[in-house]
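One structure below.
One-based numbering, in listed order, for ligands and for the atoms of each.
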Amino acid sequence: MDNKNEILYTYKNNVYLNITNACPCKCEFCIRSTTDTVGESGSLWLDHSPDFAEVKAAIDSFDFTGFDEAIFCGYGEPTCAFDVLIETAKYLRGKGIKTRLNTNGLGDLINKRSVAKEICDNIDSVSISLNASDKVKYNDIVHPSFGIISFDAMLGFAKECRKYTENVAFTVVDVIGEEEIEKCRKIAEDCGVNFRVRVYSAD
Ligand code: SF4
């Protein structure tokens, strides 16, 4: 498929919402650098940032039978489109569909304010890419535009989310190695959040 503007797509029995291509990072593991699609999706490069009406139209035209959760993910950082993210989450909740946010955890820096409460009030679970066990390694992998303050901001966001929900997790990809994974597991424990190791896939 080569259609652009794929706002909603499915992959491995999950529904994903691709609401923005904006992101302040250039992660080494980002699939954006290796492919334009995920599974059967069309191109996930959007030619403009969709407003809520466009996201709602994509949701309304999709048959959610057999799907009970939608995941904000895609080719960009969802908190870069914060108002659309929250409005869409509210709309999905009204339809009885659970939501999950996959995020780089830099929403506070992106929006220049604390966003954890609003996210946790409206989204059922939050999955944060931890990526590394310290700020130097983190920056070497994630290359955030905010620089060295990013790692601590991301940890702070996770701890703030944990105040409002138990459904918050750090994720790492398995390619960072066993020793680094264990250090990351300890950080998750210290922050009181869940921990998940993802199998890295470049496509
Ligand atoms: S934060 Fe996500 S979208 Fe942004 S570069 Fe990293 S993996 Fe890609």
Distance below 4.0 Å between atom 2 (Fe) of ligand 1 and any protein heavy atom?
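Within 4.0 Å of atom 2 (Fe) of ligand 1, no protein heavy atoms are found.
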Would one find an N, O or S atom of C27, in either backbone or side chain, under 2.8 Å from atom 4 (Fe) of ligand 1?
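No, outside the cut-off.
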Y9 ring center near Y16 ring center (under 6.0 Å):
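Y9 vs Y16: aromatic centres under 6.0 Å.
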Taking the six-membered ring for Trp, are the ring centroids of F67 and F62 within less than 6.0 Å of each other?
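Ring centres of F62 and F67 closer than 6.0 Å.
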Tell me whether I181 shares a hydrophobic cluster with F29, the cluster being built from Ile, Leu, Val, Met, Phe, Trp, Tyr side chains joined at under 4.5 Å.
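Same cluster: I181 reaches F29 through Ile, Leu, Val, Met, Phe, Trp or Tyr contacts under 4.5 Å.
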Consider only side-chain N and O atoms of D60 and Y91, and report whether a donor and an acceptor are under 3.5 Å apart.
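The answer is yes; a qualifying pair exists.
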Going by the order shown, which atoms of ligand 1 are within less than 4.0 Å of some heavy atom of C23?
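Numbered from 1, ligand 1 contributes 1 (S), 3 (S), 4 (Fe), 5 (S).
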Atom indices of ligand 1, in the order listed, that fall short of 4.0 Å to a heavy atom of N104:
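Numbered from 1, ligand 1 contributes 1 (S).
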May I ask you to identify the nearest protein heavy atom to atom 8 (Fe) of ligand 1, giving residue, atom name and distance to one decimal place in Å?
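Here the closest protein heavy atom is C30 SG, 2.3 Å.
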Tell me which one of D140, N139, D134 satisfies side chain to side chain donor-acceptor pair (under 3.5 Å) with K137.
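Output: one option passes, namely D134.
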